[in-house]
Amino acid sequence: MANTLFTNVRIIDGTGAQPYSGEVLIQGNRITRIGRGSRSLPTAGVVVIDAAGATLMPGMCEAHTHFGWVNSKTLDAIQKLPHEEHTLWAAQVAKQYLDHGWTSCVGAATPKPRLDCVIRNAINAGQIPGPRYLAASQEITVTGSLGDDMLPHLPYPEMSFGCVIDGPESMRRAVRMFLKYGVDQIKLNLSGDNLVPGADARTNWMSDEEVAIAARETKVRGKRLASHARSSESVKQSMRHGIDVIYHASFTDEEGLDMMEARKDKIFVAPGLSVIIRLLYEGDIVEIDRSKATALGYEVELEAAVKSMKAMLKRGVRVLPGGDYGFAWAPHGENAKDLVYFVKYLGMSPMEAIVSCTKWGGEIMMMGNELGLIKEGYLADLLLVDGDPISNIEILQDRNKFLAIMKDGQFHKAPETRSARTRVTMPAA
Ligand SMILES: [Zn+2]
């Protein structure tokens, strides 16, 4: 494909710096030159896209993705989909993320053992469209906690979206199995969750012996660990065992925050606020009205999560958007609502919210030296946005506002050649 020059763009580079007008040249899959003002870069032999002042920003990263969640009303419904349909479903969800501007996603657990790896491999092989993807294991859990959906009279492990282990040796076997399948990240459910009867968000489930074995086996293979950790003890347990990606971290105390601050350059937190906020305020869709949501503990958890995230941000911990989209109350595709939640609840500026899904996104993808910024030499994952997300962060929820979506130097969505907003000029033959 020909090289591409975006000209007449307002550049948000992802570092948090003030936007500026300029031009960006893409050669192959990389950003090779950036110019300030107009007509600063050569146009010979390149496709020129005159964006008429539209915003060019790095592609966004979703830090807690489940391609395998099926937009269901309940957790146990996820596993009712047979393997074949589930694979097709996950493939179309992967495309949906790219359609909505998420050019990178971090897999946070998959409901069938190999599903995430299969989808990642198909994306990388060019068989299906999708974001850059780090594939996850199933959520490894213990009997009775989040992810164990077995019924007493139907003892079939396949009914659970989690992989249920009990004891260190059972953990070792599970972790080795997922590493054999090729996951990038092992997920452990350390705390409970308010959706699970008898295992609410503040309860703790996994023993230190079990977590230690998982950490050892994962690190031996050079892979990464993530935790579902809503309770204050589970956050500390994550820190004790060197877990780098902490999902939720709603409840924290001073000791836990100190431990996080000590590892702030290594760790990432994705609170997944959608579950709490949507169930609390819009849960009617799944027959959870406000009083039921409050009884389940969501009012208390929201207050704690907001306090925890603000404290983490103050201490320099990276807090990223994304989390548990793929339920009836928050279906896939609505993920950019998290950016609005960050502004509304956590007190981030829109620019800080954009940094959290771009610069920090490249970092959680373990590609911080080449992904997540508009910078010379970086990979060309770019969004051309009709409007200004700094003055209105809400527009990033609207896929129609993306005039162009580029991943790895290739258009997933090319600008319309006859659009009123952009003008594309092909190079002379
Ligand atoms: Zn999740």
Side-chain angles (χ1 to χ4, degrees), residues 61-79 86 89-90 93-94 97 102 104-113 115-116 119 131 133-142 145-149 160-164 178 183-196 199-201 203 205-206 224-231 234-235 238 243-251 268-279 286 298 301-302 305 309 319-335 337-338 341 364:
C61 174
E62 224 278 359
H64 178 156
T65 314
H66 300 286
F67 289 154
W69 282 190
V70 294
N71 290 343
S72 59
K73 291 186 176 184
T74 60
L75 292 170
D76 63 346
I78 296 169
Q79 281 305 72
H86 217 151
W89 166 267
V93 171
Y97 277 73
W102 303 95
S104 294
C105 292
V106 180
T110 186
K112 300 216 164 62
L115 185 56
D116 250 23
I119 295 295
Y133 193 58
L134 296 181
S137 67
Q138 279 180 289
E139 339 214 330
I140 301 180
T141 190
V142 300
S145 185
L146 171 68
D148 172 10
D149 296 305
S160 296
F161 66 86
C163 169
V164 182
F178 289 118
V183 301
D184 299 298
Q185 183 162 287
I186 294 282
K187 168 84 174 287
L188 305 179
N189 285 356
L190 303 185
S191 78
D193 195 283
N194 288 338
L195 284 172
V196 185
D200 72 59
T203 56
W205 289 83
M206 220 168 253
R224 189 166 64 179
L225 274 169
S227 61
H228 169 97
R230 291 188 184 273
S231 71
S234 64
V235 170
S238 301
I243 295 177
D244 289 337
V245 178
I246 300 94
Y247 292 131
H248 309 302
S250 305
F251 297 93
F268 301 89
V269 174
L273 294 175
S274 77
V275 177
I276 309 175
I277 292 169
R278 301 296 275 285
L279 285 179
V286 290
Y298 284 111
E301 187 172 2
L302 180 59
M309 295 313 132
V319 176
L320 281 73
D324 285 327
Y325 285 84
F327 287 104
W329 58 79
H332 293 296
E334 296 189 358
N335 311 57
K337 281 193 193 283
D338 265 39
Y341 298 151
I364 197 174

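When a ligand or atom number is given, it counts from 1 through the structure's own listing order.
Within the 2.8 Å limit, H66 places at least one N, O or S atom next to the Zn ion (ligand 1). In summary, no N, O or S atom of E139 is located under 2.8 Å from the Zn ion (ligand 1).
Remark: side-chain polar atoms of Q138 are paired, donor with acceptor, to backbone N or O of P111 under 3.5 angstrom. A distance-only check finds no donor-acceptor pair linking the side chain of H332 to the backbone of A94 [under 3.5 Å].
D324 has its closest N, O or S atom to the Zn ion (ligand 1) at the position named OD1.
No side-chain donor from either of D149 and Q79 sits under 3.5 Å from a side-chain acceptor of the other.
Between Y133 and F67, the gap from one ring centroid to the other is short of 6.0 Å.
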